[in-house]
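Here is the structure we will look at, set down as structure tokens.
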Amino acid sequence: MEKLKINGVEKEFSVEQFPANLAELLRYLNIEAATVVAEVDGRIIERENFATTKLSEGQSIELVRFVPGG
Amino acid sequence: MLKEKLKNAIVGIAGLGGLGSNVAIALARTGIGKLIIVDFDKVEPSNLNRQQYFMDQIGKPKVDCMIENLRRINPDVKVEGLQVKLTSDNIPEIFSEANVIAECFDKADAKQMIVETVLGKMKKCVIVSVSGLAGYGKSNAIQTRRISERLILVGDNESGIDSVKILTAARVAIAANHQANAIVEIIADGEIWKS
């Protein structure tokens, strides 16, 4: 099993399941990328780079999701 | 001392709808030195159920109306108003002087865009954003949370206008005043002056 910490909670993935990049993780979590601000190990990742941001075991990911209304 | 800090602070307000119009008025009453207020839209009849404008302002640019309203409340506050659409390209320049920005947009992707832009490109600026304020009741579900050093998030994180379908004056104002209160706290506790 490989781990990622997502919003402070550890999540385990089998080796085959482990998301290759940030875009894949969001698809796995069923979250629409257009509404998410993401940080990987404290570094902000711009949305246009989600698909090219590779993930590796042990990383800490913060996902802030926005719903409409204001 | 607090008065002095507030007077020296510059706050950007991105969007002047239900959130932004309430945040602007609360901060003007609190005595913030300067507000940079930005919105591309005009006042519509449907805005008056929750936004701080008046019947006789319908059809006029929100920025012009809010400048007028703020001047009537507290003429000592400097207000810079811009009637433009904010983008990831113009945000760093328009808000370059701001110590704190209030994200007061309606659409989720616009909220995403400004938070990403401020965190990625404006290293000295704090952003106070909102996610989840639709509906009525559940006052205590609306919270202020510090997500990271420069991002504060207000809201219940789930009540979107897409699912809940209604925005009400009181609940929108609760969220807006959480935002304004967080901004006053940031300024009062001096975090923004450290760098």
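The figures that follow rest on heavy atoms only: side chains count, while hydrogens, waters and symmetry mates do not. Note that the structure is predicted; figures quoted are calculated from it, not measured.
- Residue contact with chain A, scored on non-hydrogen atoms closer than 4.5 Å, involves the side chain of B:L133 exclusively.
- B:E97 contributes atom CD, which lies 5.0 Å from atom CD1 of B:I36 (distance to the nearest 0.5 angstrom).
- Neither the backbone nor the side chain of B:S88 has a heavy atom closer than 4.5 Å to any heavy atom of chain A.
- When the candidates B:L151, B:D106, B:L19 are compared by the number of heavy-atom contacts under 4.5 Å with chain A, B:D106 comes out ahead.
- The line from CD of B:E116 to CD of A:E46 is 5.0 Å long, rounded to the nearest 0.5 Å.
- Geometrically, B:K85 engages B:F40 in a cation-pi contact, judged by NZ or CZ lying under 6.0 Å from the ring centre and within 45° of the ring axis.
- When each of A:V37, A:T35, A:V64 is checked for heavy-atom pairs under 4.5 Å with chain B, A:V37 comes out on top.
- Looking at A:R65, the atoms closer than 4.5 Å to chain B (heavy atoms on both sides) all sit in the backbone: N, CA, C or O.
- For the set B:G160, B:S131, B:A175, the count of heavy-atom pairs under 4.5 angstrom toward chain A peaks at B:S131.
- Of the two parts of A:E32, neither the backbone nor the side chain holds a non-hydrogen atom closer than 4.5 Å to a non-hydrogen atom of chain B.
- Only the backbone of B:E158 comes within contact range of chain A, with at least one heavy atom under 4.5 Å from a heavy atom of that chain.
- Side-chain contact annotation: B:Q143 with B:N157, donor-acceptor N/O pair under 3.5 Å absent.
- Rounding to the nearest 0.5 Å places CD of A:E39 at 11.5 Å from CD1 of A:I61.
- In this structure, no portion of B:K165 lies under 4.5 Å from any heavy atom of chain A.
- For a residue to count as touching a neighbouring chain, one of its non-hydrogen atoms must lie under 4.5 Å from one of that chain's; by this rule A:V36 touches chain B with the backbone only.
- Heavy atoms from other residues, nucleotides or ligands lying under 6.0 Å from CE of A:M1 number more than 12.
- Heavy atoms from other residues, nucleotides or ligands lying under 6.0 Å from NZ of A:K54 number 12 at most.
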